[in-house]
Amino acid sequence: QFGTRSYRPDFKVFNNNGTEEYHEVKGWMTPKSKTQLKRMKKYYPQIKIVLIDREFYTDLKKKVGRIIGFE
């Protein structure tokens, strides 16, 4: 899509080992969102983007839901 020229992830995460990564929370993927993530990967392959989508959240809930009180 031609109109997608900028992108700002939801969170910047600083890890204990000194590395940084960005987290993007998506309830659903729009064509614009897909284009933004593809371009980010293409032009900045050294930057780690963690996509937190429905699948990620469901998996996390199964693994640690009871421990931390997810509903």
Side-chain angles (χ1 to χ4, degrees):
Q1 293 187 354
F2 293 106
T4 305
R5 294 173 42 166
S6 65
Y7 170 66
R8 177 185 263 177
D10 293 320
F11 301 97
K12 183 175 187 178
V13 176
F14 298 91
N15 296 312
N16 290 335
N17 64 4
T19 61
E20 300 172 358
E21 59 190 43
Y22 294 89
H23 290 200
E24 180 67 32
V25 180
K26 290 286 181 202
W28 61 89
M29 292 292 283
T30 64
K32 183 177 179 179
S33 298
K34 289 178 185 179
T35 300
Q36 288 173 330
L37 290 171
K38 282 181 190 177
R39 288 186 181 172
M40 193 66 187
K41 186 176 182 178
K42 178 180 178 179
Y43 294 112
Y44 302 98
Q46 74 282 6
I47 296 177
K48 182 178 179 182
I49 301 279
V50 177
L51 178 62
I52 301 171
D53 58 3
R54 176 180 287 191
E55 184 179 315
F56 182 96
Y57 181 80
T58 302
D59 185 52
L60 179 66
K61 187 176 176 181
K62 285 179 186 176
K63 290 178 181 175
V64 297
R66 286 190 173 168
I67 296 169
I68 61 174
F70 271 11
E71 300 218 8

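What you see is a predicted model, and the numbers here were worked out from it, not measured in a lab.
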Starting from I47 and following side-chain heavy-atom contacts under 4.5 Å between hydrophobic residues (I, L, V, M, F, W, Y), which residues can be reached? Y7, Y22, M29, L37, M40, Y43, Y44, I49, L51
Roughly how far, to the nearest 0.5 Å, is CD1 of I52 from NE2 of H23? 5.5 Å
Counting neighbours of CG on N17 that are heavy atoms of other residues, nucleotides or ligands and sit closer than 6.0 Å, is the number greater than 12? yes
Strictly distance-based, threshold 3.5 Å: is any side-chain N or O of N15 a donor or acceptor partner for the main-chain N or O of G18? no
Is there a donor-acceptor contact under 3.5 Å from the side chain of D10 to the main chain of V25? yes
Roughly how far, to the nearest 0.5 Å, is the OG1 atom of T35 from the NZ atom of K42? 11.5 Å
For K12, the salt bridge (charged side-chain N to carboxylate O under 4.0 Å, His left out) test, sequence neighbours excluded, returns E20
Provide the closest heavy-atom pair for E24 versus R8 in the form atom of the first, atom of the second, distance. OE1-O, 4.1 Å
side-chain hydrogen bond (donor to acceptor under 3.5 Å, both in side chains) partner of D59, chosen from K62, K63, K61: K63
